[in-house]
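Lettering follows sequence order; numbering is per chain, from 1.
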Amino acid sequence: VSEVPRFAVVGRVNKGKSSIVATLAEDDSVRIDARPGTTLECREFPVRVDGRTLFVLVDTPGFEDAPRALAWLREGETSAADRPARVAALVRAFSGTDELVEERRLLEPVLAGASVLYVVDGTRPFRRNYEAEMEILRWTGRPGMALVNRIGDGDHAAEWHRALGQYFGIVRDFDAFSVTFEERVRLLRAFRELRTDWGGPIEEAIEALVAQRRRRRDEAGGEISDLLVDVITHAEEIVVADPAALEKEQEALERRFHDALRSRETRARRRVEAIYAHEEARFASGAALERPLLRRDLFAEETWRLLGLAPRDLVLAGAFAGAGVGGAMDAAVGGASFLAGTLVGGALGAGTALWGVGRRFARARAVGPAGAAALLARARGYWSGEERRYRVGPHAQPNFPWVVLDRALLHFRAVATRTHARRGDIPIAPGDAARIAAALPAEERRALEVLFRRLRRAHEDPPRALRDGLATALAPILGRLDPAGGEREAGAA
Amino acid sequence: MTLEDLIDVEAQLSRDREHDPAGVAARDRAIARAEGLDATLPHAALAGWLRALETAEEPERLRPGRAVARALRIARAVLAAAGLVAGWGTAAALLRFDGAQPVNVWDFLLVLVGGQILLLAALVVVVLSPRASQAIPFLGAARAAAGALVMRLAARRVGGTRVDEWSALAHRLRTRRSLYRRLEPWILLGLTQAFGVAFNVGVLVATLRLVVFSDVAFSWGSTLAWLDPDRLHAAVRALAAPWASLWPDAVPSEALVAATRYSRLEAAYYAAGARRAADPALVGAWWPFLVAAVACYGLLPRAFALAYARWRAGRLLRTLPLDDLETSALLRRLSEPAVETRSPLPEREAERPLAVLEPAAMPSAGRRCALVRWRDAPLDPSLKDALERRLGAAVSIAGAAGGREHEEAAADWARLAAGADSVAVLADAWEAPDRGALRLVRTLRTALGPKVPVLVLLAGDGERADEVRIWREGLAPLGDPWLGVEALGGSTP
């Protein structure tokens with residue numbers, strides 16, 4: 001049985017060891033707190049692929065009394081070859097006492113063969129006393145890598161790099177709170193350099209993680225597609241028996257309709273969060289001022305002002321989509337229509353887009369069955385004065401799918417780029433959030449607009465092909481928002 | 001793959017959408033590995049996946065596929081029985097002969113051959129062009145009725161508390177144009193053709209019964225002068241062409257046609273004159289032709305359509321591409337490795353409560369204050385001036401602690417702080433009050449006596465209130481009334 005690579009994440013208390021572990025293991029159950037003593041004992045995070053453990057991350061309590069431990073080690077200083085034994089002797093010597101408790105606990109996995117990931121906070125200045133910790137780790141004789149985390153706002157990374165470079169062969173910046181998936185993969189690749197014979201399992205784990213990431217992104221795309229299909233095609237009906245209650249019933253119907261859309265959006269968000277292994281409670285909690293655009297109501301005026309397509313883009317997208325349909329007709333008649341289909345289609349598409357600009361709420365309207373049944377029903381209703389059917393939906397505003405899509409993309413990006421070290425809600429920089437949809441290439445916007453229109457037309461029985469079409473159209477957009485496994489580099493090349 | 005499996009796949013996918021995606025992915029991959037499923041053979045993989053789910057979990061879960069398959073069988077049996085009864089009844093009515101008036105061959109031919117040829121033509125149109133079927137209102141209604149019958153029967157079989165679950169699933173199956181949707185026309189065609197086959201069998205059995213067990217006299221007549229026996233004979237010969245060589249007796253002879261022309265005015269056959277036919281055997285000889293016509297134009301096409309519908313449904317099931325995104329995602333879950341990164345064990349709760357404690361009161365520093373630098377906190381002249389201003393006392397440096405060299409090990413704090421009214425510990429605000437810091441304060445208290453004020457002053461780039469709070473919480477367990485914690489810059493929690 002080959003040895004499973006182990007990496008002990010060590011460092012001073014409150015320098016972000018647990019944050020790094022939470023991010024790398026995608027485990028938001030890790031307790032993260034600014035107070036010391038949050039991590040009481042070593043906790044293992046095995047990275048398992050198909051049940052096989054490929055490597056293990058070990059979260060450890062922080063150094064709390066390193067200079068004293070180093071002083072003890074030096075008291076019996078011997079040759080470099082015997083230093084690991086001296087560290088083991090320290091662990092044994094203080095065993096059963098309440099001294100150097102944290103040091104003993106964190107050194108145990110290292111002495112058992114784990115490589116060292118030494119974590120410091122690059123936003124705070126380097127102090128000489130940290131050398132005691134690095135010195136102890138050097139005495140263990142284990143291969144090590146230093147990670148410069150970012151907890152605060154300062155920037156002392158350069159001095160840390162100069163100091164760490166003297167003790168560790170590899171020094172990497174790693175912001176546990178805002179690191180991207182690709183940066184995580186790069187860090188895992190660097191793990192291979194600690195021990196060459198561990199390269200195989202780590203590479204296998206990376207491949208599985210990249211595949212999982214892509215699968216998650218595709219699943220999120222499916223969720224967003226389902227959301228779009230459902231909200232674009234959603235309609236509700238009531239039969240009003242009492243004419244006196246007509247207005248009230250209509251209002252209730254409209255309220256129910258919009259609530260159903262809101263609730264559908266919320267459900268999709270929870271699913272996307274679950275796909276990316278973010279637990280709902282943690283994701284939803286946090287300061288109310290954060291994530292303003294995501295928190296705002298789907299039908300709030302500001303939401304519609306900031307998200308979706310601007311009226312000009314909307315008209316253009318409508319015109320393009322209409323022209324696309326007209327163009328297909330032109331092609332069908334071999335151009336005999338002299339592009340009349342394209343022009344008329346374009347004009348109609350632009351017109352329908354203009355018609356709906358500004359209407360955020362769908363209104364209820366009277367409906368009835370078609371054909372002879374309608375005549376019968378109307379005649380009966382006329383004589384009896386009873387039972388009129390009202391329907392609200394599907395939402396006809398051309399910008400509605402774009403607003404929903406924009407909100408879904410914003411939420412997706414926030415979830416996909418959020419590390420599991422974060423607690424509370426997701427902050428979004430001002431001006432960073434608005435209108436992902438508006439920035440899409442015209443080709444993608446056109447394809448989506450065509451699908452939105454087809455969905456509206458087929459709202460009673462939306463074919464699965466349209467849902468799949470939406471997911472396919474969204475795939476490259478989500479790929480840009482959450483690149484996995486070298487896609488960004490490939491795209492740039 | 002069977003229809004039963006296909007519906008169960010759809011239902012399981014629908015249920016999985018409500019579960020944790022990571023759990024679903026892990027479950028599916030575990031099944032694929034345990035059962036040795038090969039996702040490149042999607043039909044076998046999905047069938048195996050279902051079998052494994054059935055045995056591994058939720059044995060009592062809803063099996064809509066089974067319910068629908070049973071309902072289909074019942075519907076087919078009900079329709080076949082109804083067809084038999086209807087066919088028998090129709091033939092019996094058309095061949096009703098009380099001896100007063102012979103049976104008019106026209107009625108039989110028009111209803112049971114002409115009508116069926118028309119239906120056959122409609123069927124061919126529908127099979128060749130599914131869109132055309134939308135223009136045939138009766139066909140749509142018949143399909144809808146057959147579909148509703150199947151769903152109702154299936155719902156009854158599911159029964160009890162699961163009716164709601166079933167209706168939601170049935171809605172999804174029918175309205176989302178899922179995989180099942182492509183099969184539905186052929187299944188419903190099979191149902192209607194089962195009725196048709198049974199109807200024709202009923203007709204044939206009833207006809208043969210009447211022919212064998214009673215004497216039936218046939219006749220024909222026409223108001224049209226040009227429709228003479230020669231023309232009618234030519235027409236029936238043409239109708240009988242398909243079986244003429246196989247069953248020559250079933251082709252009416254010229255003599256038969258001439259002999260069975262009937263005049264209702266005279267209540268007699270033309271050829272026989274008033275009252276009776278000359279040859280009773282001849283007037284009954286139409287039956288082989290009628291039986292052959294029903295078999296050829298009624299039974300055979302229905303049987304062929306039934307076989308074709310079943311073959312098409314079977315072929316569709318065998319060759320379904322299973323390439324829609326949802327099924328593809330399932331196949332990916334089966335084929336791609338399952339990755340687990342979270343810790344399998346929960347984190348141990350903190351031993352000591354991390355409650356917010358009341359801040360200690362800041363004792364007065366007196367006139368002279370001895371300063372201890374903790375963990376290399378920098379002290380330049382300007383900071384010393386700031387300290388003196390802040391404390392209102394002359395500050396002298398007593399020593400350092402917590403540094404790389406563990407200076408405090410040999411420090412005699414009573415001697416170093418002799419003459420001072422108080423002792424201040426200067427610490428970096430961002431460092432946590434760890435075990436080493438607590439030991440220093442305890443050591444100072446022991447050395448200085450119980451009533452010498454010990455002031456922990458926190459310095460940093462704009463000390464944050466939460467850092468001061470953390471220090472106060474960290475030192476509070478010492479229960480020292482002469483211990484104070486304050487930010488050097490004056491910030492308070």
Flag the one option from B:Leu345, B:Val24, B:Leu438 with the top tally of heavy-atom pairs under 4.5 Å to chain A. B:Leu345
Give, as side chain, backbone, both or neither, the part of A:Glu135 having an atom under 4.5 angstrom from any heavy atom of chain B. side chain
Test B:Glu336 against A:Arg214 for salt bridge (charged side-chain N to carboxylate O under 4.0 Å, His left out), laying out the working first. CA-CA 11 Å; B:Glu336 290 181 358; A:Arg214 289 184 177 152; over 6 Å; no
CZ-CG distance between B:Arg342 and A:Asp28, expressed to the nearest 0.5 angstrom: 5.0 Å
CG (A:Asp153) with more than 12 external heavy atoms under 6.0 Å: no
Should the pair A:Arg128-B:Glu405 be classified as a salt bridge under the 4.0 Å nitrogen-to-oxygen rule? yes
Once you round to the nearest 0.5 Å, how far does CD of A:Glu133 lie from CZ of B:Arg404? 11.5 Å
Relative to chain A, which segment of B:Arg29 carries a heavy atom at a distance below 4.5 Å: side chain, backbone, both, or neither? side chain
Please identify, among B:Pro337, B:Ala432, B:Ala30, the residue contributing the most non-hydrogen atom pairs under 4.5 Å to chain A. B:Pro337
Give me the one residue out of A:Glu64, A:Glu103, A:Glu102 that meets side chain to side chain donor-acceptor pair (under 3.5 Å) with B:Arg435. A:Glu102
Need one label for B:Arg33: side chain, backbone, both or neither, based on atoms under 4.5 Å from any heavy atom in chain A. side chain
Interface check, chain A: of B:Ala329, B:Ala22, B:Ala25, B:Gly402, most non-hydrogen pairs under 4.5 Å belong to B:Gly402
What part of A:Ala208 is in contact with chain B, defined as an atom under 4.5 angstrom from a non-hydrogen atom: side chain, backbone, both or neither? both
Does B:Arg375 reach the side chain of A:Pro67, with side-chain heavy atoms less than 4.5 Å apart? yes
With chain B, the option among A:Leu209, A:Val56, A:Val49, A:Thr53 that has the most non-hydrogen atom pairs under 4.5 Å is A:Val49
Value rounded to 0.5 Å, distance of CD in B:Glu407 from CG in A:Asn129: 9.0 Å
Could you tell me the separation between the CG atom of A:Leu24 and the OG1 atom of B:Thr341, rounded to the nearest 0.5 Å? 9.5 Å
Could you check which of B:Pro346, B:Ala26, B:Ala409 has the highest count of heavy-atom pairs closer than 4.5 Å to chain A? B:Pro346
Where B:Leu325 and A:Asp468 come nearest, the two heavy atoms and their spacing: N-OD2, 3.1 Å
Give, as side chain, backbone, both or neither, the part of A:Glu223 having an atom under 4.5 angstrom from any heavy atom of chain B. side chain
Pairs of heavy atoms under 4.5 Å with chain B: top-ranked of A:Arg68, A:Gln212, A:Glu26: A:Arg68
Does B:Arg333 reach the side chain of A:Glu219, with side-chain heavy atoms less than 4.5 Å apart? yes
Calculate, to the nearest 0.5 Å, the distance between atoms CG and CH2 belonging to A:Asp121 and B:Trp430 respectively. 9.5 Å
B:Ser343 to A:Arg43 - nearest heavy-atom pair and separation: OG-NE, 3.4 Å
Heavy-atom cut-off 4.5 Å, strictly under: side chain, backbone, both or neither for A:Arg12 against chain B? side chain
Answer with side chain, backbone, both or neither: which region of A:Asp218 has an atom nearer than 4.5 Å to a non-hydrogen atom of chain B? side chain
Flag the pair A:Arg127 and B:Glu431 as a salt bridge only when some basic side-chain nitrogen lies within less than 4.0 angstrom of an acidic carboxylate oxygen. no
Please rank B:Ala338, B:Ser328, B:Gly436 by heavy-atom pairs under 4.5 Å with chain A and give me the top one. B:Ala338
Within a 6.0 Å radius of atom CZ on A:Arg104, are there more than 12 heavy atoms belonging to other residues, nucleotides or ligands? yes
Which answer fits A:Ile275, side chain, backbone, both or neither, if we ask what part of it has an atom under 4.5 Å from a heavy atom of chain B? both
To the nearest 0.5 angstrom, please state how far the CD atom of B:Glu340 sits from the CG atom of A:Leu54. 11.0 Å
